[in-house]
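A short write-up of the structure that comes next.
Just follow the structure's listing: the first ligand is 1, and inside any ligand the first atom is 1.
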Amino acid sequence: MTHKLQFPADFIWGVATSAYQIEGSPLADGAAPSNWHRFCRVPGAVLNGDTGDIACDHYRRWADDVKLMKELGLKAYRFSIAWSRILPNGQGKPNEKGLDFYRNLVDALVANDIEPFVTLHHWDLPIALDDLGGWANRDAAHWFADYAHLMFRTLEGRVQHWTTLNEPWVIMDAGYMHGVHPPGLRSLEKAPVAAHNLLRGHGLAVQAFRADGKGQIGLVVNLEPKYAASNGPEDAAALARAHAYMNRQFLDPVFLGAYPDELAEIFGHDWPRFPEDDLKLIREPIDFLGINYYTRSVVRSDPTAAPLCASPVAQTGAEHTEMKWEVFPAGLKSCLLWVKRRYGDIPLYITENGAAFADPEPKNGRLEDPRRVDYFRTHLRAAHEALQQGANLKGYFAWSLVDNFEWSCGFARRFGLVHVDYATQKRTPKDSASFYRQVIESNGEEI
Ligand SMILES: CO[C@H](O)c1c[n+]2c([nH]1)[C@H](O)[C@@H](O)[C@H](O)[C@H]2CO
C-alpha cells in the first residue's frame, strides 16, 4: 500500500558511493597506494581476501555509470575523492591525471543535471601519510586542509556541496581502537588523539573553504540511537556512555565546542588535555550536517567490556540485515529530531541509508529485492515523519548506487540499488532501483 507523502519541492534525492569501494584501478595514472590498498593485503583483514583492486571498475566505467544514474532518475550523487590519486605522497605536487578524473566525472554529472555532493575523505588515506602516523599525527589536520584547499580550487564553481569527512567515528573506532580498519591499532592513547586531529582537519578545511570556496560545506557522521536494555541505573549509565562515545563525540565539539564528559571517564588517564584554541577551530560553523543511518542498538551495562563497559543486546525477535543490523526505521526519525533538539536547526541530509540483503541472482535482466524495497519504504516514511515534526531535512541519499566493496566484509555484502556481476562488471538495476525512481519522480508521493 502506498502512502501519499509530500516532500518539499526542492528536496534532493540521490545515491551515495565512495572511491575505494567502487573505483578499482588504485594505482592507475600516477595514483599511489592508499591505506586500504595495503590493509586488504594483511592476511585475514578482509573476508575472502577481497581487495578494491577492481571493485566496480568505476574508474574506467564512470561515463556509463553516470548514464545509469540518469536512467535511474537520480538528482544528486554523493561520491568521495581518492586523496592518493590527487596527492600520491599525501602532500606536495598534485597528480594532474587524478584531478582530471574528478573534473571529468563532475562535468558529466552536471551535464546530466545530477548534483555532485563531494566527500573529501572516505577513509582511504595515502600510505605515505599512514606511515607518518596517520590521524594520530597532529600534522594530519594540515595535510588534510591542504588537500581540501586544492580540491576546492580544482572543482570551484562545479561543486556546490562539499563534506570534509565521512564518519570520523568509524576511522577512530575501527582504525585506532579496535584495529579492524587501517592502521589496525588498538590504542586507548592514540584513538582520542586521532579523533581530535580528524576534527581539527575538518575545522581547518572549513576555514580554507570560507577563504575561497564557493557553495556549502558540511560534515558526515554516522548516528546510531541507543536504547537501554532495562530501566535500571546501570543500564542508563551504560547508555549515556555509549551515546556519548558514538553519537556525541564528534557533534558536541563541532556544534557545542566541548567534548562529552563521558569521554574522560571512558578513556581515563589516556584522555588528553586539548588546547582551547583547538576546540575553537573545530567549532568553525558549517552549512549542513550529513547523517548516515542504518540501525539502532540496545545496550546494557557490562563491566567486562572495557573501556565503554556497555554491550549491545541482540534483538532476536526483530528483522535484521545481512550485516546483522536490526531493521529499525523509528531510529532514523529519532536521530533527526535529536540533532535538531540538541544542536539546533542545522540543515540536514540523510547522506547514507540502505541495507544488505541476500539478493538472488538477476534473471532475464531483473532482480527482485522486496526486503530492500520495504527497507527504503519504511525509512523514507520515518524521514517524512521527522520532517512533519520539524526536522530541517533537505535530502536523502540511498546507500548505495551499486553493490560494492564493503570494507572488511569484502564483496560478500550487497547494498546496491544496482546489482554488479563482478566477473563481467554487468550492472543490473534491482526492483529497489525502480521503486526509488518512482519515489524521485513523484517526490515521495509513491512511497
Ligand atoms: C556503522 O554503520 C555506518 O553508519 C556505516 C555503514 N556504511 C558506512 N558507514 C560507510 O560510510 C560506507 O562506506 C559503508 O559501505 C556503509 C554500509 O556498511
Side-chain angles (χ1 to χ4, degrees), residues 14-23 34-36 39-40 46-47 50 52 55-56 58 77-82 117-125 163-175 177-178 180-182 198 218-226 242-243 245-247 249-251 289-297 299 312 320-329 331-332 334-336 339 348-357 359 372 375-376 379 396-418 420 432:
V15 292
T17 66
S18 88
Y20 190 76
Q21 293 181 269
I22 68 165
E23 289 180 359
S34 72
N35 57 350
W36 267 96
F39 192 70
C40 288
V46 177
L47 198 57
D50 289 340
C56 307
H58 177 75
Y77 175 49
R78 175 181 176 243
F79 64 96
S80 75
I81 291 174
F117 271 64
V118 173
T119 306
L120 284 161
H121 183 54
H122 196 126
W123 307 355
D124 49 345
L125 191 73
T163 60
T164 53
L165 302 167
N166 177 75
E167 300 187 346
W169 180 86
V170 172
I171 297 173
M172 178 278 298
D173 182 74
M177 274 289 267
H178 294 99
V180 293
H181 281 193
L198 279 156
L219 171 68
V220 174
V221 293
N222 54 294
L223 293 183
E224 184 179 283
K226 309 293 180 186
H243 181 50
Y245 178 70
M246 188 180 220
N247 298 323
Q249 179 170 185
F250 291 87
L251 292 184
L289 177 69
I291 294 171
N292 294 352
Y293 175 83
Y294 288 87
T295 189
R296 66 147 179 188
S297 68
V299 296
H320 289 71
T321 72
E322 285 295 293
M323 298 297 281
K324 307 283 183 279
W325 296 344
E326 183 187 1
V327 177
F328 193 76
L332 175 55
S334 65
C335 266
L336 294 167
V339 167
L348 303 175
Y349 291 88
I350 296 166
T351 32
E352 288 180 28
N353 178 239
F357 290 115
D359 297 333
R372 186 173 289 103
Y375 182 97
F376 283 126
H379 286 77
Y396 176 91
F397 292 80
W399 183 271
S400 180
L401 170 66
V402 286
D403 295 334
N404 59 53
F405 177 80
E406 180 49 37
W407 306 113
S408 49
C409 294
F411 297 105
R413 301 287 180 271
R414 292 176 178 265
F415 279 86
L417 288 166
V418 175
V420 175
S432 53

Closest non-hydrogen contact found for Val327 with Tyr375 is CG1-CD1, 3.9 Å

Does Arg296 count as lying over the ring of Phe328, i.e. NZ or CZ under 6.0 Å from the six-ring centre, within 45 degrees of the axis?
-> yes

Nearest protein heavy atom with distance in Å, relative to atom 4 (O) of ligand 1 | Glu167 OE2, 3.1 Å

Assess the pair Phe411 and Phe405: is the distance between their ring centroids shorter than 6.0 Å?
-> yes

Ranked by distance from atom 16 (C) of ligand 1, the top protein heavy atom is Tyr294 OH, 3.4 Å

May I ask you to identify the nearest protein heavy atom to atom 13 (O) of ligand 1, giving residue, atom name and distance to one decimal place in Å?
-> Gln21 OE1, 2.7 Å

Identify, for atom 2 (O) of ligand 1, the protein heavy atom at the shortest distance, and state residue, atom and that distance.
-> Trp325 CH2, 3.7 Å

Glu406 neighbourhood, listing ligand 1 atoms whose heavy-atom distance to it stays under 4.0 Å | 14 (C), 15 (O), 17 (C), 18 (O)

Met323, Glu224, Glu352 screened by side chain to side chain contact (heavy atoms under 4.5 Å, CB included) with Tyr294, the one that passes = Glu352

State whether a side-chain donor-acceptor pair under 3.5 Å links Tyr77 with Thr17.
-> yes

Will you find, in the side chains of Tyr245 and Asp173, an N or O donor that is under 3.5 Å from an N or O acceptor?
-> yes

Test item, His122 contacting ligand 1 (heavy atom, 4.0 angstrom) = yes

Is the closest basic N to carboxylate O distance between Glu322 and Arg414 below 4.0 Å?
-> no

Go through ligand 1 atom by atom and flag the ones less than 4.0 Å from a non-hydrogen atom of Asn222.
-> 4 (O)

Close-contact set for ligand 1 against Trp123 heavy atoms, below 4.0 Å = 10 (C)

Looking at ligand 1, does Asn166 have a heavy atom less than 4.0 Å from it?
-> yes

Tyr293 contact mode with ligand 1 (heavy-atom cut-off under 4.0 Å) = neither

Starting from atom 10 (C) of ligand 1, locate the nearest protein heavy atom and write down its residue, its atom name and how far away it is, to 0.1 Å.
-> Glu352 OE1, 3.4 Å

Subset of ligand 1 atoms that lie under 4.0 Å from at least one heavy atom of Phe415 = 17 (C), 18 (O)

Kindly determine whether Phe357 and Thr321 satisfy side-chain contact (heavy atoms from CB on, under 4.5 Å), including the steps that lead there.
-> CA-CA 6 Å; Phe357 290 115; Thr321 72; 4.0 Å; yes

